[in-house]
Amino acid sequence: MNAPLLAVDHLSKALGEGEARTEIIGDLNFSVREGEFVSIVGPSGCGKTTLLMCLSGLYSPDRGKVSVKGEPMVGTPAGVSIVFQDYSRSLLPWKNNLENVLFGMRRIEDMGAREKRDAARETLAQIGLAGFEKHYPWQLSGGMQQRVAIARALSARSELLLLDEPLAAVDAQTRSEMQDLLLDLARRFRQTCLLVTHDVDEAVYVADRVVVLSQRPTFVVAEFDVPLAKPRDQFETKENPVFLDIRHKVLSCIRSMRKTAAAPVLAS
Amino acid sequence: MKKRFNLPGLAFLVVLALIWQGIAILVDSPNFPGFVQVIVALFHDDTTLAIEIGYTLERAGIGFALALVVMLPFGILLGRVRALGDLVEPVIEFVRPLPPIAMVPVAMIFFGTGDAAKIFVVAWSASFPILINAIEAVRGAHPMLSTVARALRLSRVETMWHIDLPAALPQIIAGIRLAVAISLLIAVVAEMLLSTNGIGMYLARAQERFEIANGLAGLLVIALGALAVNYGVLAIERKVLRWHHARIGMHAKA
Amino acid sequence: MIWAKRVVSILLFLLLWELVALSGIVPTEYFPTVPVIGRALAGLVVSLEFLGELAVTWERTLVGLLLSIALGLVLAIVAARYETVRRMLEPLVEMLRGLPPPALVPLSIFAFGLGVKLYFFIIIFAAIWPVYISAANALSAPEPVQVLTGRAFGCSVWEILLRLSLPAAMPEIFTGIRLAAGVALLADVAAEMLAGNGGLGHLLYDAAFTLRTADMFAIMLVVGLSGLILNLLVAASRRFFIGWHVQLAAMGEKT
Ligand SMILES: Nc1ncnc2c1ncn2[C@@H]1O[C@H](COP(=O)(O)OP(=O)(O)O)[C@@H](O)[C@H]1O
Ligand SMILES: [Mg+2]
């Protein structure tokens with residue numbers, strides 16, 4: 001049997017210096033197979049961003065290990081790319097949108113400069129930003145900036161795409177459009193995706209599998225497969241009994257967790 | 001922020017001094033004095049140097065004080081009374097690009113080569129940072145503040161004193177700091193051009209007499225003087241701004 | 001509108017000057033009328049000799065300024081890369097920065113003679129600090145998300161410094177460069193007044209000491225205009241190099 005694309009094995013991570021050092025990730029185990037779309041839900045501040053930092057190699061784990069295709073991770077592997085939660089600031093303001101996307105392709109070696117430009121233009125077009133190549137990111141709305149950030153990560157041709165709450169800051173309308181866009185892109189680029197969110201509906205709607213995280217120090221509470229057909233539809237899928245059932249399970253899982261967390265407080 | 005003792009910085013200075021001394025020993029020429037010779041010259045000439053830097057600091061101080069007393073109220077006025085500001089500002093912009101040193105000849109013609117000429121040049125040079133920062137600081141004040149002033153029925157002068165000055169204080173102080181540095185600089189240069197005493201003159205004379213060690217000692221004194229003045233201004237600034245912040249904090253609580 | 005105001009204001013200033021000059025409060029030899037200064041200026045501007053001196057000052061200032069920018073940037077980049085270097089330079093910079101550059105002229109004449117090296121040295125000594133300090137500050141405090149982005153896309157530490165932090169720091173660096181330009185001209189004119197050997201500063205000093213006041217004011221006007229033009233040059237190169245930031249700032253002002 002093939003090794004999964006991403007394997008997280010007893011991962012643990014603390015942040016901060018000296019007295020203030022706190023364990024953020026307790027003991028985390030899960031894996032992502034090639035071609036899968038996995039979403040991770042967890043309460044705010046439970047360490048989702050910290051986890052993605054570990055998965056992209058930006059933080060090194062204190063204990064446990066992260067492997068990509070069975071190989072333990074070294075540095076920031078080209079096989080993993082990330083869309084930061086603070087996407088707006090992660091775009092380089094002195095580069096126009098095309099150049100920002102090209103920045104994502106800097107580690108691709110088997111393409112010439114021209115080819116890269118064409119590919120970057122193509123990616124921007126696919127994400128709905130044709131005609132905005134020469135604009136600067138700060139001339140676009142938040143939702144459009146998010147698309148540039150996603151285009152930059154996609155164009156890196158990584159095996160795994162990490163998305164940190166990409167839709168938390170956009171309005172409801174844009175959010176559902178972007179969910180469908182993400183699904184569409186994942187299919188067209190055959191992109192394995194790991195999406196972090198605190199929105200349960202979103203987590204279930206886009207994913208093949210949902211991983212639920214606990215409060216800090218975080219561990220995996222439960223995993224749910226989402227056996228819903230693709231392509232999905234905002235109305236049909238969200239009214240589908242299977243969707244509702246999984247949504248219910250995830251929600252009650254989170255609620256029971258909150259109760260156990262709150263219990264000692266109530267008792268005292 | 002706690003200020004750590006800067007060991008690498010100090011060590012670097014010491015190493016530079018040692019290298020300098022080493023080269024001086026190798027070159028072995030009166031035209032290339034080492035660090036030690038400069039320190040010797042410094043202590044040999046210590047009373048003269050103290051007196052000369054005293055003259056310089058006095059001129060810089062008087063010139064700066066003049067600029068402050070005249071330009072601070074003027075700047076606040078120009079910032080406050082829009083029409084007047086609009087009229088005068090282009091003139092300021094017109095004369096500002098003149099390097100202050102270029103005023104030395106003018107001062108010489110009108111005031112001769114005495115103290116007045118040098119003080120005038122210092123005052124002229126120190127005026128711009130004070131004036132421009134004062135205008136901008138008052139203009140940039142929150143519009144809410146002038147509404148408050150009107151609601152409280154403050155007079156123009158009261159408004160300037162109670163509202164404009166405190167609100168504009170941080171930027172005004174930035175201008176004043178710049179002015180202090182410029183005052184010292186211009187005082188030295190003015191002395192070099194038209195003086196019979198002062199540290200600037202001391203430098204010029206050291207050159208004429210080929211006394212390089214003395215010249216370097218003079219430079220060292222200026223650098224230390226500038227450092228001391230700078231720390232003094234910083235200390236005053238911290239005091240003034242603390243009063244300012246505390247006041248604002250108090251009002252916020254009340 | 002704004003230009004009309006400016007013109008009116010300058011005209012009023014000249015009128016005031018003329019009135020003072022004509023009133024005789026100050027002897028007219030010392031305080032020439034506007035037309036007299038104008039004629040002096042016209043006389044200078046058509047003289048090849050004067051234009052030559054003007055070119056000398058401009059060449060010294062521009063080359064000196066460019067050298068200061070280059071050196072200041074290199075130093076700042078090294079200081080941003082190695083924290084120890086930054087701390088090592090701190091007290092030295094603090095001390096040297098307090099020295100009035102013209103005060104170095106007498107001793108520098110020993111070291112460099114009266115040639116072009118003297119002027120470059122004085123200008124660099126004056127203009128390097130604003131560049132170094134603004135660049136070192138901006139480069140040592142990069143936007144954390146930008147650094148993470150660089151690392152995530154495989155940039156080395158040097159690449160992050162040179163290709164991300166440096167362009168991001170350019171707006172702040174240009175503030176330093178603007179200051180440096182003013183200081184460079186000032187230092188050069190001062191050095192020319194002190195050391196002689198040509199340039200506007202030398203001419204100015206000469207005119208003053210021979211009591212040719214109309215010439216003196218005319219030369220001062222030229223020096224002032226040179227400062228203005230230098231400022232415009234810096235502004236133009238700012239638009240050229242960091243046009244994105246100019247636009248971004250303009251956008252912020254509108255909202
Ligand atoms: N550098 C740090 N030092 C100490 N604590 C940190 C640091 N960065 C984040 N934290 C804490 O770690 C927790 C998890 O942060 P994060 O991973 O950003 O959560 P999430 O993305 O799930 O909202 C938060 O409570 C935050 O306060
Ligand atoms: Mg987060």
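Computation of the quantities below employed the complete heavy-atom set of this structure, encompassing side-chain atoms and omitting hydrogens, waters and symmetry-equivalent molecules. Here is the naming used below: chain letters follow the sequence lines, and residue numbers restart at 1 for every chain.
Between the side chains of B/R177 and B/N133, no donor-acceptor pair of N or O atoms lies under 3.5 Å. B/Y55 and B/D115 are not linked by any side-chain donor-acceptor pair at a separation below 3.5 angstrom, with hydrogens and angles left out of the test.
For the atom pair B/I92 CD1 and B/L131 CG, the distance stands at 4.0 Å (nearest 0.5 Å). The OG atom of C/S226 sits 12.0 Å away from atom CG of C/N231, with the distance rounded to the nearest 0.5 Å. Residue C/L230 holds its CG atom at 12.5 Å from CG of C/L225, rounded to the nearest 0.5 Å. Residue B/L219 holds its CG atom at 5.0 Å from CG of C/L104, rounded to the nearest 0.5 Å.
Closest approach of B/I199 and B/T56 over heavy atoms only: N-OG1, 2.8 Å. Heavy atoms only, all atoms of each residue included: C/S108 and C/I122 are closest at OG-CD1, 3.8 Å. Annotation for B/A117 and B/G112: closest pair CB-O, 3.2 Å, computed over non-hydrogen atoms.
With a 4.5 Å cut-off on non-hydrogen atoms, B/I109 touches chain C through its backbone and its side chain both. If you measure heavy-atom distances from B/V91 to chain C, the contacts under 4.5 Å come from both the backbone and the side chain. Heavy atoms closer than 4.5 Å to chain C are found nowhere in B/F32, neither backbone nor side chain. Contact annotation for C/I109: only side-chain heavy atoms (C-beta onward) come within less than 4.5 Å of a heavy atom of chain B. With a threshold of 4.5 angstrom between heavy atoms, B/A102 approaches chain C through its backbone and through its side chain. Neither the backbone nor the side chain of C/L200 comes within less than 4.5 Å of any heavy atom of chain B. Residue C/V26 touches chain B through its side chain alone, counting heavy-atom pairs closer than 4.5 Å. At a 4.5 Å heavy-atom cutoff, B/I186 makes no contact with chain C through either its backbone or its side chain. Only the backbone of B/L10 comes within less than 4.5 Å of a heavy atom in chain C; its side chain stays farther off.
Per-residue counts of heavy-atom pairs under 4.5 Å with chain B were compared for C/G227, C/G201, C/P91; the largest is that of C/P91. Note on C/Y205, C/F110, C/F13, C/F209: by heavy-atom pairs under 4.5 Å with chain B, the leading option is C/F110. Of all the listed residues (C/G98, C/A111, C/P100), the one sharing the greatest number of non-hydrogen pairs under 4.5 Å with chain B is C/P100. Contact tally against chain B (heavy-atom pairs below 4.5 Å) for C/V8, C/I10, C/V189: the top residue is C/I10. Per-residue counts of heavy-atom pairs under 4.5 Å with chain B were compared for C/A190, C/S9, C/G182; the largest is that of C/S9.
At a heavy-atom separation below 4.5 angstrom, chain B is approached by C/M193, C/L194 within residues 191-198 of chain C. Within residues 222-230 of chain B, the residues approaching chain C closer than 4.5 Å by heavy atoms are, in numerical order, B/I222, B/A223, B/A226, B/L227, B/N230.
C/S237 meets the side-chain contact (heavy atoms from CB on, under 4.5 Å) test with C/F174, C/F241; sequence neighbours excluded.
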Donor-acceptor contacts under 3.5 Å from residues 211-219 of chain C side chains, at least two apart:
residue: C/R212; atom: NE; partner: C/T210; partner atom: OG1; Å: 3.1
residue: C/R212; atom: NH1; partner: C/D215; partner atom: OD2; Å: 2.8
residue: C/T213; atom: OG1; partner: C/E29; partner atom: O; Å: 2.2

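Under the 30°/60° scheme for interplanar angles, the aromatic rings of B/F120 and B/F111 are found to be tilted. Using cut-offs of 30° and 60° on the angle between ring planes, the pair B/F128 and B/W124 is perpendicular.
Each of B/E52, B/R59, B/E191 was checked for a side chain to side chain donor-acceptor pair (under 3.5 Å) with B/N197, and the lone residue meeting it is B/R59.
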